[in-house]
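Accompanying notes for the structure given below.
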Amino acid sequence: MEKKAFYLTTTLPYVNAEPHIGFALEIVHADIAVRYHKLCGYEVFFNTGTDEHGIKIYRNALEEGKDPQKYVDGYAEKFQNLKEKLNLYPDLHFIRTTEPRHVAAAQEFWRRCSNNGDIYKKNYTTKYCVGCELEKTESELVNGACAIHPNLAVELIEEENYFFRFSNYRARLIDMYEKRPDLVIPGYRFNEIRRFVEDGLQDFSISRLKKKMPWGVAVPDDPEHVMYVWFDALISYISTLGWPKDETNFTKFWGTVVKPNGIQMAGKDQIRQQAAMWQAMLMSAGLPPSKHILIHGFINVGGQKMSKSLGNVIDPIAIVDEYGADALRYYLARHIHPFEDSDFTMEKFKESYNANLANGLGNLAARVMKLAETHLSEPVKIEFVPYPAEFTQALDRYEVNTAMDYVWRRIQALDQKINITEPFKIVKTDKEKAVALIEELVRELAFIDEMLEPLLPATAGKIINAIMGNKKPENLFPRKEEQVSSSGRVPHFAMPKNKKKKKGDLNFS
RNA sequence: AGCGGGGUGGAGCAGUAGUAGCUCGCAAGGCUCAUAACCUUGAGGUCGCAGGUGCAAUUCCUGUCCCCGCAACCA
């Protein structure tokens, strides 16, 4: 029997900035889902990439005196490096929208929409904010300027553009929403987009005049136009599969109209593009819709938006360099909610790192394996134990945080078990019983390790190696104690907390 | 205005129709295998406010107050 196929794509980040913690969140959650499905026996296709066209990139490149292609090459490399930095699934597919295979796919997609009568030319004048790269309606302007970029002059655009007949798809979208109640997850996001579509749709512009802005995919049969960046970028979800040439691969992973299979992950600012525009585009091209669109929230810092001017931007690479990929993966998976907005501060990160990775998982692995190394003559044989329902149910719903909580309860339970059964004591009186006990502890550690595999793959590998070698592992997560606590007090860094109040101890601080 | 999210012990957050849970912090004790770690116990909450439905609501409904987002470096 053929393996079931699992397809998951992130949105493609626009390459005008360094990799962002928000994208790290998206791709780590995606990576966990992919690894989990792989372990469950699916054949998986995991896609990400870079969105490289558009006026903003064109202008940035010119400002830096670079050829646009050279400019995006530099950024694409930084994003490709995330694979290693975040310890992502080894077969991660990476598509760049400037690749010939993508360009060809975008053009074919255009042709199909056009043949279907959904693309037409229209003269129009609009106000356009270069900062947002968006047309602005009157109601969106404040004092005649873009509210987000008040310092940039709103440009008046009057030109002939190609438009997509989005308005034709209102009924069909609503109909699909009715039939596919799990298209957008979570449900309250689905309500948002449903209401938006019900309120009525306006056709949107999908091309730009080449003489003004040449940095885009050429529109078929019209040398004067290039595609608007959003139109071509969305198509990357299927161009990465080899569409339109590789029909087999495409159908296998993207599915069919009857049985869609493509799962997308995106931020809450992307609902409109992903759940409405893209779905209408797929209908127009005669292609299957998405199966699920998972919408995650944003990361705030200390209750505020991240912003350069506030100086509170979190750099995922810096965290990985200091703490390791799995430490960041841990935090994103357990403490950043899969759907709602979450807060990220370095204080919280460090607190959780010490509590749950150093003191929790790392210490547990060390104490179990030290017992094993000392008292067992050979490695414990490990058998695969099926994942518990509580764990799989959480991951099946993409509730990674709940799955993490479950694993950490097992970690705590194993710590408790060691304290209760006291093998380190029993070994002095009843070696045989102690050995049996320790073997049991190792097996339970292996069980925890199994669950860690999709979550913290590097750590999981180290632990299973330690088990198979019957050897205490290297220090998996060294404690970090150098910081001053958030209250400003110097921490009691040199004293164990269960002794710090004892009288008579010398205080080394 | 509208739409969306949120208001849970000192802090940060889960969660649920039926003894309210986690991390940190605090208090007392235990253990010594472990990364000055681990375990136990305790103090601390009328789960924003007011109504309603239920045998039962923090959990569902209605109203109301407050905070945040929809305006980001687009995630």
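So you know, we letter chains A, B, ... as the sequences are listed, proteins then strands, and number each from 1. The model shown is predicted, which means the values in this text are computed figures rather than measured ones.
B/A50 and B/U62 make up a base pair, with Watson-Crick or G-U wobble contacts both under 3.5 Å. Nucleotide B/G2: paired with B/C70 (Watson-Crick or G-U wobble, both distances less than 3.5 Å). Applying the Watson-Crick and G-U wobble criteria (two distances, each under 3.5 Å), B/G21 pairs with B/C13. The base-pairing partner of B/G29, taking Watson-Crick or G-U wobble contacts with both distances under 3.5 Å, is B/C39.
Phosphate proximity of B/A75 to A/Q274: absent, as no side-chain N or O sits under 4.0 Å from OP1 or OP2. In this structure, A/R195 reaches the B/G4 phosphate: one of its side-chain N or O atoms is under 4.0 Å from OP1 or OP2. Here A/K472 reaches the OP1 or OP2 of B/U35: one of its side-chain N or O atoms lies under 4.0 Å away. Checking the phosphate oxygens (OP1, OP2) of B/A75, no side-chain nitrogen or oxygen of A/K268 falls inside 4.0 Å. Note on A/Q270: every side-chain N or O is 4.0 Å or more away from OP1 and OP2 of B/C74. At the phosphate of B/G15, neither OP1 nor OP2 sits under 4.0 Å from any side-chain N or O atom of A/N401. For B/C68, the OP1/OP2 oxygens have no side-chain nitrogen or oxygen of A/N300 closer than 4.0 Å.
Within 6.0 Å of CD on A/E198 lie more than 12 heavy atoms contributed by other residues, nucleotides or ligands.
We find that A/E52 and A/R96 are joined by a salt bridge, their nearest charged nitrogen and carboxylate oxygen being less than 4.0 Å apart. For the pair A/D415 and A/R367, the salt-bridge criterion is met [side-chain N within less than 4.0 Å of a carboxylate O].
Across the protein-nucleic acid pair, A/F79 atom CZ and B/A75 atom C1' stand 10 Å apart, rounded to whole Å. Between the CZ atom of A/F349 and the C1' atom of B/G12 there is a distance of 16 Å, given to the nearest Å. When rounded to the nearest whole Å, the span between CD1 of A/I293 and P of B/A75 equals 16 Å. The CG atom of A/N356 sits 14 Å away from the C1' atom of B/C38 (whole-angstrom rounding). For A/K350 and B/A11, the NZ to C1' distance is 18 Å, given to the nearest whole Å. Protein atom CG of A/D405 is 9 Å distant from nucleotide atom P of B/G15, rounded to whole Å. Summarising the geometry, the separation between CG on A/D415 and P on B/U23 is reported as 11 Å, rounded to the nearest angstrom. If you take CD of A/E192 and C1' of B/G5, they are 9 Å apart, rounded to a whole angstrom.
When only modelled atom types and interatomic distance are considered, A/D232 and A/H102 share a side-chain donor-acceptor pair under 3.5 Å. Side chain to side chain, A/S167 and A/Q202 fail the donor-acceptor criterion of an N or O pair below 3.5 Å.
Across B/G12 and B/G6, the matching C1' atoms stand 14 Å from one another, rounded to whole Å. Atom name C1', nucleotides B/A20 and B/G5: the rounded distance is 23 Å, in whole Å. B/U16 and B/C3 are spaced 27 Å apart, taking the C1' atom of each and rounding to whole Å. Look at the P atom in both B/U8 and B/U41: the space between them is 27 Å, to the nearest Å. Of the P atoms belonging to B/G10 and B/A75, the separation is 39 Å, rounded to the nearest Å. For the P atom pair drawn from B/G4 and B/U40, the interatomic distance equals 44 Å after rounding to whole Å. Between B/C22 and B/U62, the two P atoms lie 33 Å apart (nearest whole Å). Rounded to a whole angstrom, the distance from the C1' atom of B/G69 to that of B/C74 is 14 Å.
The nucleotide whose nearest atom lies closest to any side-chain atom of A/K425 is, among B/U35, B/C31, B/G15, B/C31. When distances are taken from the side chain of A/N16 to each of B/G15, B/C39, B/C74, the shortest belongs to B/C74. Nearest nucleotide to the A/F23 side chain, out of B/G15, B/A75, B/G12: B/A75. Out of B/G4, B/A75, B/U35, the shortest distance to the side chain of A/H20 is found at B/A75. The side chain of A/I299 sits closest to B/A75 out of B/C31, B/A75, B/U23. Proximity note for A/I418 (side chain, C-beta onward) versus B/C74, B/C33, B/G5: the nearest is B/C33. The A/P13 side chain lies nearest to B/A75 when the options are B/A14, B/A75, B/C38.
In this structure a side-chain-to-backbone donor-acceptor pair under 3.5 Å is missing from A/H93 to A/F45.
Using a 4.0 Å heavy-atom distance criterion, A/F477 is classed as a base contact. Here A/A366 lies in heavy-atom contact (under 4.0 Å) with a base. At a threshold of 4.0 angstrom between heavy atoms, the contacts of A/Q412 are confined to the sugar-phosphate backbone, with no base atom among them. As judged by a 4.0 angstrom heavy-atom cut-off over every strand, A/G22 is placed among the base-contacting residues.
The base of B/C38 sits within donor-acceptor range of the side chain of A/N419, with an N or O pair under 3.5 Å. Between the side chain of A/N363 and the base of B/U35 there is no donor-acceptor pair of N/O atoms closer than 3.5 Å.
A cation-pi arrangement is absent between A/K83 and A/F94, since the terminal nitrogen or guanidinium carbon is not both under 6.0 Å from the aromatic centre and inside a 45° cone about the axis.
Closest of all the heavy-atom pairs between A/P68 and A/A61 is CA-CB, 3.7 Å.
Where A/H296 and A/K370 meet RNA chain B, the nucleotide closest to each residue was compared, and A/K370 sits on the side nearer the 5' end.
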